Amino acid sequence: MIWYPYSQMQTMPAPIKIKSAKGVHLFTEDGHDLIDSVSSWWSVIHGYCHPEMNQAIAGQLENFAHVMLGGLTHDPVQKLSEKLENWLPGDLNYCFFSDSGSVAVEVALKMALQWNTNRGSSRSTILALEHAYHGDTFKAMEVGDDEDYHFAFGKNSEKKRGVVHIPTEIPALEKAFQEYGNELSCFIVEPLLQGAGGMRMYDVSFLKRARQLCDEYDVLLIFDEVATGFGRTGNRFVADLVLPDILVLGKALTGGYIGHAATVANRRVYEGFLSDDPTHAFMHGPTFMGNALACAAALKSIELFEKGGYMSRIRHIEDISRREIGSLTHPDIREVRIMGGCACIEVNDSSVLKGFREFACENGVFARPFLKYMYTMPPYVISEEELVKILTVMRRWFTEVR
Ligand SMILES: *Cc1c(COP(=O)(O)O)cnc(C)c1O
């Protein structure tokens, strides 16, 4: 028996069984063709069954699928770390690999904490954002601000003891640094676009001010770009605009083929672990870190991203989204938000979206609305016609069904 994610198993509708998938299309067992409007949790940026991606993995499989990084190393992981070193901005050059975004967030937080301990500081408070989502492991849940997890920490959140949550507003940011600046080990954010917290978008000026304050108060700035990385916000990485000390990548890193993630530190963070004292080493090592198939997939994914003109594709996706739903108004709609390869319609009440998933399905689109959010984050290879089909289904829910 499969225990499905984020579901009340007693009432969960039967999941749709997929037989094969190609490009942006999911082909169901009972013969339907559905356009995937959410890229399998935002990861499948090149679409399904991409011949070059398939070939990259098959090629590596001829050599070996996996060897551990404990005492061993290999070409795919070395090439991927070199590629990231060259490709990422600034001196974000030190790659710690792991198997999922949540674990990569744990790694980033542990790094920030120990970086402070190593230099004899007792700073342990973490600054984070309201409505943040950083994954489902425990520390990630603590820095997150998702009501679904409040059960784990009790009402009124005892969790807030080591973590301070602020809204994405500069006055609140400045106040938090005044109040806690000298206790903070790090400030972790999903930059520009908060995904699972409701596709909330905010201005880069907030991040620029955050960078200044982190410098002023000697606090590490962590960008969780598990969702925003690889173009989703219309920037290659938000780190291209404002440079963090630690960058977390996941989801699209492997083009959605194999779970893998990277926590990339700058020189200053890395050097904080270099010492004659063995206890200053970073004691962490996921079994499947640097998995060779995942690294081969990531290398090919980055190559496709670079040679495929993806940034202009994403601009095109944004333009079409604005044209099709940008000015949509309806009594049920609270706000329409569009940024890069993400378009979201926030409604006034979650009941408004009841039945939308089925409606989309009947019209050839796989959608997965949650709470008050109807959204699309399509694969970047989507054609204009296919994207218009998704956005039309979203619009018709209000203009024809509601
Ligand atoms: C999805 C997500 C994670 C968690 O990644 P997993 O691979 O599911 O563990 C962390 N941070 C952000 C911003 C995410 O969107």
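Residue numbers start at 1 and run along the sequence shown. All of these numbers come straight from a predicted model, not from anything done at the bench. Whatever order the structure lists them in is the order used to number ligands and atoms, beginning at 1.
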Does atom CZ of Arg322 have more than 12 heavy-atom neighbours from other groups under 6.0 Å away? yes
Residues in contact with ligand 1, criterion: heavy atom under 4.0 Å: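 Within the 4.0 Å shell of ligand 1, which is judged on heavy atoms, sit Trp42, Ser100, Gly101, Ser102, Tyr133, His134, Gly135, Glu190, Asp224, Val226, Ala227, Lys251.
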For a quick test of your reading: what N or O donor-acceptor pairs under 3.5 Å do the side chains of residues 365-376 make, sequence neighbours left out?
residue	atom	partner	partner atom	Å
Tyr373	OH	Arg200	NH2	3.1
Tyr375	OH	Trp42	NE1	2.8
Thr376	OG1	Ser37	O	2.8

For Glu174, give me all partners under salt bridge (charged side-chain N to carboxylate O under 4.0 Å, His left out), at least two apart in sequence or on another chain. Arg209
Taking the six-membered ring for Trp and the single ring otherwise, decide whether the centroids of Trp115 and Phe282 are under 6.0 Å apart.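 No - the distance between ring centres of Trp115 and Phe282 does not fall below the 6.0 Å cut-off.
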Determine the interplanar angle of the Phe288 and His66 rings, folded into 0 to 90°, and report it as parallel if under 30°, tilted if 30 to 60°, perpendicular if over 60°.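 Because their plane-to-plane angle lies in the 30° to 60° range, the rings of Phe288 and His66 count as tilted.
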List in chain and number order the residues that pass ring pair (Phe, Tyr, Trp, His ring centres under 6.0 Å) with Trp397, two or more places apart in sequence or in another chain; answer none if no residue qualifies. Phe356, Phe359
